[in-house]
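Chain letters run A, B, ... following the sequence lines, proteins first and then strands; every chain starts at 1.
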2 protein chains.
Amino acid sequence: MAQRRELMKGSIDSLLLCLIGQRPMYGYQIITELEGRSQGYFRFKEGTLYPALHRLERMGLIESAWQTLSRGRHRKYYHITEKGLRSLVEKRSEWQQFLAAMSLIIQPTTDEMG
Amino acid sequence: MAQRRELMKGSIDSLLLCLIGQRPMYGYQIITELEGRSQGYFRFKEGTLYPALHRLERMGLIESAWQTLSRGRHRKYYHITEKGLRSLVEKRSEWQQFLAAMSLIIQPTTDEMG
DNA sequence: CTACCTACCTAGCGGGACTAGGTATTATGC
DNA sequence: GCATAATACCTAGTCCCGCTAGGTAGGTAG
């Protein structure tokens with residue numbers, strides 16, 4: 001069942017903005033953080049995450065800054081922008097509306113069947 | 001905001017199975033029915049619906065039967081199959097899990113900020 | 001130097017929603 | 001007769017995006 005993959009579409013940006021909106025994070029950390037917070041449900045592949053981060057940065061919703069740890073070790077931290085914060089509010093609202101519409105249809109129909 | 005389009009992916013099949021699972025319906029009817037039940041939220045384009053119906057039929061989740069009204073007028077009614085019913089149960093469960101995972105992340109964070 | 005972890009990146013594939021166009025019947029209006 | 005619009009179906013091609021599969025590079029353990 002590859003339905004989960006499809007369900008992701010349109011939600012990933014909201015998830016990323018949500019996390020980064022709480023505190024600056026780097027890519028690899030986002031993957032483990034998402035898996036932890038969702039109790040194992042979200043397991044982002046790198047090929048999913050990094051392009052998504054680049055897209056968000058291109059759109060000006062997040063910004064990045066390299067941070068060096070020890071010699072040669074480095075991480076790219078992302079933080080949310082003003083525009084990103086506004087977008088996050090909007091995306092949460094979009095999600096709520098979608099949720100409401102879905103639940104109007106998807107209900108378990110305990111008494112409908114002929 | 002084209003987010004709505006992406007949110008659809010992975011949900012359309014569930015919506016269609018839900019409707020057809022309640023009673024046989026034809027394509028054009030599904031479009032108006034979905035718009036009505038969702039209070040105007042879902043407005044499927046024909047280029048979205050018909051390919052989706054054909055896909056569901058190819059997968060054996062629904063079956064179709066032509067019905068003639070007056071001379072020349074005809075509708076293709078879809079009804080759900082046994083396999084479709086099982087799939088619907090599964091999809092509803094998938095949706096619930098996705099919903100639970102999303103709500104663990106997407107919450108409005110009233111008290112999180114540093 | 002092999003293996004695995006961290007940490008980043010990307011070309012290309014696949015699939016699904018949509019665009020834009022088509023067919024055909026019925027009905028209204030000029 | 002011709003145009004427009006509603007009902008009712010269909011589909012080739014486009015776009016977007018998650019993912020596959022591969023790469024770079026440093027650090028650590030055997």
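Judged by distance alone, with hydrogens and angles left aside, the side-chain atoms of B/Arg92 form a donor-acceptor pair with the main-chain N or O of A/Ile106 at under 3.5 Å. Not one N or O on the side chain of B/Ser38 forms a donor-acceptor pair closer than 3.5 Å with the backbone of A/Ala101. Checked by atom type and distance alone, the side chain of B/Glu57 pairs as donor or acceptor with a backbone atom of B/Ser64 at under 3.5 Å.
One interatomic measurement links the two molecules: CG of B/Leu49 to P of D/dT7, which rounds to 15 Å at whole-angstrom precision. Atom C1' of nucleotide C/dC18 and atom CZ of B/Phe42 are separated by 16 Å, given to the nearest angstrom. Distance, A/Met8 CE to D/dT20 P: 11 Å, rounded to whole Å. Between the C1' atom of D/dT11 and the CZ atom of B/Arg58 lies a distance of 12 Å, rounded to the nearest Å. As rounded to whole Å, 11 Å separates atom C1' of D/dC17 from atom CE of A/Met59. A straight line from NZ of B/Lys45 to C1' of D/dG13 spans 17 Å, rounded to a whole angstrom. Separating the CZ atom of A/Phe44 from the P atom of D/dG18 is a distance of 8 Å, rounded to the nearest angstrom. Note: CD1 (B/Ile12) to C1' (C/dA17) measures 6 Å, nearest angstrom.
For the helix from C/dC1-D/dG30 to C/dC30-D/dG1, the terminal axes (five pairs an end, C1' atoms, rotation from four pairs onto the next four) enclose an angle of 10°, given to 10 degrees.
A side-chain hydrogen bond (donor to acceptor under 3.5 Å, both in side chains) check over residues 96-105 of chain B, counting only residues at least two apart or in different chains, returns the pairs B/Ser93-B/Gln97. Here salt bridge (charged side-chain N to carboxylate O under 4.0 Å, His left out) pairs that include residues 42-51 of chain A, with residues two or more places apart or in two chains, are A/Glu35-A/Arg43.
Classification of the B/Phe42-B/Phe44 ring pair by plane angle, with boundaries at 30° and 60°, yields perpendicular.
Judged as a ring-ring contact (aromatic ring centres under 6.0 Å, His included), and not counting sequence neighbours, B/Tyr41 has no contacts. Evaluation of the salt bridge (Lys or Arg N to Asp or Glu O under 4.0 Å) rule for A/Glu33 yields A/Arg23, A/Arg37 as partners, not counting sequence neighbours.
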How would you summarise protein contacts on nucleotides 7-15 of chain C per nucleotide, using B for base, S for sugar-phosphate only and - for none, with heavy-atom distances below 4.0 Å?
BBBB----B
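Ionic pairing of B/Lys91 and B/Glu94 is not present here: no N-O contact between side-chain nitrogen and carboxylate oxygen is shorter than 4.0 angstrom.
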